[in-house]
Visitor: 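Please read through the structure below; I'll follow up with questions.
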Amino acid sequence: QVQLVESGGGLVQAGGSLRLSCAASGSILSINSMGWYRQAPGNQRELVAGISRGGTTNYVDSVKGRFTISRDNPKNTLYLQMNGLKPEDTAVYYCAASMYPTIVRPTPRYWGQGTQVTVSS
């Protein structure tokens, strides 16, 4: 089993920045890809950014150029640096980990509890 704990969410004004962190523990060696998902009220959960074990990244178009995903493998920690935040970025952000090379599919097995990000206009 893998446990994921997010931190770093909060309230920020439009144009501001936040950095989310996700600390992984447990069966760390089983983790391959990791990523950040988000879900806003009334919306489906969407993948925001993913990163492979080797560092290959992918982003949803709406955050390209504003968000940066990174991982510190020795520290078993995943990050999401969010700059230029917009009100439409408001959502609960979830850290996810997968045994597979890509976080896109299959659906990740391991999930954090989520952290709220609210961007005011």
Side-chain angles (χ1 to χ4, degrees):
Q1 288 292 329
V2 173
Q3 293 78 44
L4 302 173
V5 179
E6 302 102 334
S7 61
L11 173 64
V12 64
Q13 289 188 331
S17 299
L18 284 173
R19 188 174 84 151
L20 304 183
S21 299
C22 172
S25 60
S27 301
I28 304 299
L29 294 180
S30 67
I31 296 176
N32 197 332
S33 59
M34 299 186 75
W36 291 95
Y37 286 72
R38 67 185 178 188
Q39 186 167 21
N43 290 359
Q44 289 188 331
R45 183 178 60 193
E46 68 168 348
L47 174 64
V48 176
I51 186 167
S52 70
R53 183 191 294 273
T56 301
T57 60
N58 61 282
Y59 299 90
V60 66
D61 285 347
S62 61
V63 307
K64 286 180 180 178
R66 300 188 297 123
F67 291 10
T68 303
I69 189 172
S70 61
R71 64 192 287 180
D72 186 331
N73 289 330
K75 293 184 177 180
N76 302 318
T77 304
L78 178 72
Y79 302 99
L80 184 67
Q81 178 66 44
M82 304 185 293
N83 299 328
L85 283 161
K86 304 176 180 180
E88 51 263 43
D89 294 319
T90 295
V92 177
Y93 284 70
Y94 297 92
C95 173
S98 172
M99 299 180 292
Y100 294 90
T102 173
I103 199 70
V104 176
R105 65 179 59 86
T107 300
R109 179 174 181 180
Y110 304 110
W111 295 86
Q113 80 287 355
T115 185
Q116 177 70 45
V117 172
T118 303
V119 185
S120 63
S121 57

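All values derive from a computational prediction rather than experimental measurement. One is the number of the first residue; the rest follow in order along the sequence.
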Visitor: Do you know the tightest heavy-atom contact between Trp36 and Ser21?
Guide: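 Smallest heavy-atom distance, with atoms named: CH2-O, 3.6 Å.
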Visitor: Can you tell me if Tyr94 uses its side chain to pair, donor with acceptor, with the backbone of Gln39 under 3.5 Å?
Guide: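 Such a contact is absent between Tyr94 side chain and Gln39 backbone.
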Visitor: After noting the C-alpha distance and the side-chain angles of Val92 and Tyr37, does the key distance pass the side-chain contact (heavy atoms from CB on, under 4.5 Å) rule?
Guide: CA-CA 8 Å; Val92 177; Tyr37 286 72; over 6 Å; no
Visitor: Which heavy-atom pair separates Ala24 from Ile31 by the least distance, and what is that distance?
Guide: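 Heavy atoms of Ala24 and Ile31 come nearest at CB-CD1, 4.0 Å.
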Visitor: Do Tyr79 and Ile69 share a hydrophobic cluster, counting only Ile, Leu, Val, Met, Phe, Trp and Tyr and linking them when any side-chain heavy atoms are less than 4.5 Å apart?
Guide: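 Cluster IDs for Tyr79 and Ile69 differ.
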Visitor: Short question: side chain of Glu6, backbone of Cys95 - any donor-acceptor pair under 3.5 Å?
Guide: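 Checking the backbone N and O of Cys95 against the side chain of Glu6, a donor-acceptor pair under 3.5 Å is found.
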Visitor: Is it the case that Asn32 and Ser98 place a side-chain donor and acceptor less than 3.5 Å from each other?
Guide: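 Looking only at side-chain atoms, Ser98 and Asn32 do not form any donor-acceptor pair under 3.5 Å.
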Visitor: How long is the span from the OG1 atom in Thr56 to the CD1 atom in Ile51, to the nearest 0.5 Å?
Guide: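 Going from the OG1 atom of Thr56 to the CD1 atom of Ile51 covers 8.0 Å.
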Visitor: Nearest 0.5 Å, what's the CD1-CG distance between Ile28 and Asn73?
Guide: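 Between atom CD1 of Ile28 and atom CG of Asn73 there are 10.0 Å.
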Visitor: Might you point out which heavy atoms bring Lys75 and Thr77 nearest each other, and give the distance in Å?
Guide: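 Between these two residues, the closest heavy atoms are O-OG1, 2.9 Å.
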Visitor: First locate atom OG1 of Thr90, then atom CZ of Arg38, and finally report the distance between them rounded to the nearest 0.5 Å.
Guide: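 Between atom OG1 of Thr90 and atom CZ of Arg38 there are 9.0 Å.
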Visitor: Please check if the side chain of Ser27 supplies one atom and the backbone of Val2 the other of a donor-acceptor pair under 3.5 Å.
Guide: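 Checking the backbone N and O of Val2 against the side chain of Ser27, no donor-acceptor pair under 3.5 Å is found.
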Visitor: For the atom pair CZ (Arg71) and CG (Leu80), what is the distance rounded to the nearest 0.5 Å?
Guide: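 One gets 14.0 Å once the value is rounded to the nearest 0.5 Å.
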Visitor: Identify all side-chain donor-acceptor contacts of residues 102-111 below 3.5 Å with residues at least two apart in sequence or on another chain.
Guide:
| residue | atom | partner | partner atom | Å |
| --- | --- | --- | --- | --- |
| Thr102 | OG1 | Val104 | N | 3.1 |
| Trp111 | NE1 | Pro108 | O | 2.9 |

Visitor: Assess whether a salt bridge exists between Lys86 and Asp89, defined as any Lys/Arg side-chain N lying under 4.0 Å from an Asp/Glu carboxylate O.
Guide: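 Salt bridge: no.
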Visitor: Go through it in stages, so that I can follow the logic: the residues are Leu47 and Val60, the test is side-chain contact (heavy atoms from CB on, under 4.5 Å), and I'd like the CA-CA distance, side-chain angles, deciding distance and then a yes or no.
Guide: CA-CA 7 Å; Leu47 174 64; Val60 66; over 6 Å; no
Visitor: Would you compute the distance between atom CG of Asn76 and atom CE of Met34 and round it to the nearest 0.5 angstrom?
Guide: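 Result: 8.5 Å between the selected atoms.
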Visitor: Would you check if the side chain of Ser52 reaches a backbone N or O of Pro101 as a donor-acceptor pair within less than 3.5 Å?
Guide: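 Not confirmed, Ser52 side chain does not pair with Pro101 backbone.
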Visitor: Return the minimal non-hydrogen interatomic distance between Ala97 and Leu4, and the atom names on each side.
Guide: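 So the two residues come closest at N-CD1, 3.8 Å.
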Visitor: How close do Leu29 and Arg53 get, counting heavy atoms only, and between which atoms?
Guide: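 What the structure gives for the nearest pair is O-NH2, 3.6 Å.
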Visitor: What closest approach, in Å, do Leu20 and Gly9 show between heavy atoms, and which atom pair accounts for it?
Guide: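 Scanning both residues completely, I find the closest heavy atoms to be CD2-N, 3.6 Å.
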